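A quick write-up on the structure given underneath.
Bear in mind that the values here come from a model prediction, so they are computed numbers and not experimental data.
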Amino acid sequence: MSLELYRQSLVSAVESVRPSFDALYYPLKVEYDNRETVDLSTQSQPYLIVKVKWNDAYQADLAAKPIQRITGHLELISATKEGDGVARGLIMIDHFYTRLQQRQFGRVHTHIGDLTPELSKNGWRYQTALIPFWIHRVTE
């Protein structure tokens, strides 16, 4: 499989969680890496930013056709307007984070994630959950 197919597995996993969030709270706008960007001048509701980041790849065994272990992390970032409080951003992160960590999506395996300190920028507050993942691919 290609890196793009692995990325698509993770995007599909996020999209599979989205309907349950929409049903419980509100229709969620999701911004993905380098596409479907949210227009901050018109956006008023909290939204989710999703990024797939690649960390490393290395040979994982000594077989004739060795396994390549590819690692990365899935970034889930809740964005809420300054002054709206932190509750809706934390609810969003918790909803996605708990459903995407410690799972398998195709050949992509996720670990328990981590939370990073909250950031503020241009009138928005961002809370990030990082979910590490790994993939085993047999080299050709």
Side-chain angles (χ1 to χ4, degrees):
M1 285 181 74
S2 70
L3 294 176
E4 174 55 16
L5 289 175
Y6 298 134
R7 187 194 67 79
Q8 286 176 16
S9 292
L10 288 165
V11 168
S12 294
V14 171
E15 286 297 317
S16 73
V17 175
R18 192 174 179 178
S20 62
F21 184 90
D22 292 354
L24 288 171
Y25 303 105
Y26 55 88
L28 182 64
K29 178 78 174 165
V30 179
E31 176 179 301
Y32 287 97
D33 300 272
N34 203 25
R35 70 177 178 91
E36 296 183 24
T37 57
V38 172
D39 182 356
L40 296 181
S41 67
T42 60
Q43 185 69 22
S44 60
Q45 289 281 356
Y47 67 98
L48 182 66
I49 303 165
V50 178
K51 298 178 181 181
V52 176
K53 300 290 187 172
W54 304 99
N55 294 342
D56 198 6
Y58 56 89
Q59 184 173 327
D61 69 4
L62 297 173
K65 290 187 175 193
I67 293 172
Q68 178 187 37
R69 177 172 274 195
I70 301 167
T71 64
H73 61 273
L74 178 64
E75 288 185 18
L76 303 171
I77 307 164
S78 69
T80 55
K81 278 207 167 268
E82 287 277 359
D84 282 354
V86 298
R88 291 181 4 162
L90 291 174
I91 288 167
M92 182 190 315
I93 285 293
D94 194 48
H95 186 87
F96 283 85
Y97 176 74
T98 57
R99 289 162 176 82
L100 296 170
Q101 67 180 357
Q102 292 186 288
R103 302 281 193 275
Q104 182 175 347
F105 307 106
R107 298 184 71 183
V108 180
H109 305 265
T110 61
H111 294 289
I112 290 178
D114 191 15
L115 297 172
T116 67
E118 190 175 65
L119 299 171
S120 293
K121 183 179 176 184
N122 299 328
W124 288 83
R125 296 186 63 82
Y126 301 95
Q127 177 65 58
T128 302
L130 301 174
I131 302 174
F133 66 83
W134 60 272
I135 303 151
H136 275 175
R137 176 164 72 174
V138 176
T139 57
E140 298 297 322

Path from Y97 to Y25 over hydrophobic side-chain contacts below 4.5 Å
yes

Rounded distance [0.5 Å steps], OG1 in T110 versus NE2 in H73:
13.5 Å

Other residues, nucleotides and ligands only: do more than 12 of their heavy atoms fall within 6.0 Å of CG on L62?
no

Check whether any side-chain N or O of E82 sits under 3.5 Å from a backbone N or O of D84 as a donor-acceptor pair, and report yes or no.
no

Hey, quick one: are Y58 and I135 part of the same hydrophobic cluster, counting side-chain heavy atoms closer than 4.5 Å, chains of contacts allowed?
no

Side chain of Q45, backbone of Y47: donor and acceptor closer than 3.5 Å?
no

Could you walk me through whether Y32 and E15 pass the side-chain contact (heavy atoms from CB on, under 4.5 Å) check?
CA-CA 11 Å; Y32 287 97; E15 286 297 317; 2.4 Å; yes

Of all the heavy-atom pairs spanning I112 and P132, show the shortest one and how long it is.
O-CD, 3.5 Å

Counting only N and O atoms by type, is there a donor-acceptor contact under 3.5 Å from the side chain of E118 to the main-chain atoms of Y126?
no

Kindly indicate whether the side chain of L130, heavy atoms from C-beta on, has any atom under 4.5 Å from the side chain of T116.
yes

Nearest heavy-atom contact between V14 and F96 is O-CE2, 3.7 Å

Answer with yes or no after comparing the ring centroid distance for Y6 and F105 against a 6.0 Å cut-off, counting only values under it.
no

Single-linkage hydrophobic cluster, 4.5 Å side-chain cutoff, L119 and W124 together
no

For the pair N55 (side chain) and T71 (backbone), establish whether a donor and an acceptor sit closer than 3.5 Å, ignoring hydrogens and angles.
no

Here the gap from K51 atom NZ to D33 atom CG, rounded to the nearest 0.5 Å, amounts to 7.0 Å

Answer yes or no: is there a donor N or O on one side and an acceptor on the other, between the side chain of R99 and the main chain of H95, under 3.5 Å?
yes

Check: S16 side chain, A13 main-chain N or O, donor-acceptor pair, under 3.5 Å:
yes

Here the pair of heavy atoms bringing A57 nearest to Q68 is CB-NE2, 3.6 Å

Would you say that L74 contacts L100 through its side chain, given a criterion of any heavy-atom pair below 4.5 Å between the two side chains?
yes

W134 vs H111, side-chain contact (heavy atoms from CB on, under 4.5 Å): CA-CA, chis, key distance, verdict
CA-CA 8 Å; W134 60 272; H111 294 289; 2.9 Å; yes

Distance in Å, F133 CZ paired with R107 CZ, rounded so as to fall on 0.5 Å steps:
14.0 Å

I70 and D56, any side-chain heavy atoms less than 4.5 Å apart
no

Would you check if the side chain of R103 reaches a backbone N or O of H109 as a donor-acceptor pair within less than 3.5 Å?
no

To the nearest 0.5 Å, what is the distance between NZ on K29 and OG on S44?
12.5 Å

Do the side chains of Q59 and I67 get nearer than 4.5 Å, heavy atoms only?
no

Indicate yes or no: at least one non-hydrogen side-chain atom of M92 is less than 4.5 angstrom from one of P46.
yes

Heavy-atom closest pair (A129 atom, I93 atom, distance to 0.1 Å) is CB-CG2, 3.9 Å

Using the rule that Ile, Leu, Val, Met, Phe, Trp and Tyr join whenever any side-chain heavy atoms are under 4.5 Å apart, tell me whether L115 and L90 fall into a single cluster.
no

Within a strict 4.5 Å, meaning less than it, do heavy atoms of the L76 and V50 side chains meet?
yes

Gap between atom OG of S41 and atom CG of N122 - 0.5 Å precision:
12.0 Å

Can you check whether R125's main-chain N or O pairs, donor with acceptor, with S120's side chain at less than 3.5 Å?
no

Heavy-atom closest pair (S9 atom, V108 atom, distance to 0.1 Å) is CB-CG2, 4.2 Å

Is any side-chain heavy atom of I77 closer than 4.5 Å to a side-chain heavy atom of Q127?
no

For R137, what residues pass the salt bridge (Lys or Arg N to Asp or Glu O under 4.0 Å) criterion, not counting sequence neighbours?
none

Is V30 close to F21 at the side-chain level, that is, under 4.5 Å between some pair of heavy atoms?
no

Going from CD on E31 to CD1 on I49, what distance comes out if it is rounded to the nearest 0.5 angstrom?
5.0 Å

Please answer: with hydrophobic residues joined when any side-chain heavy atoms are less than 4.5 Å apart, are V17 and I91 in the same cluster?
yes

Shortest non-hydrogen contact from Q101 to G113?
OE1-N, 2.9 Å

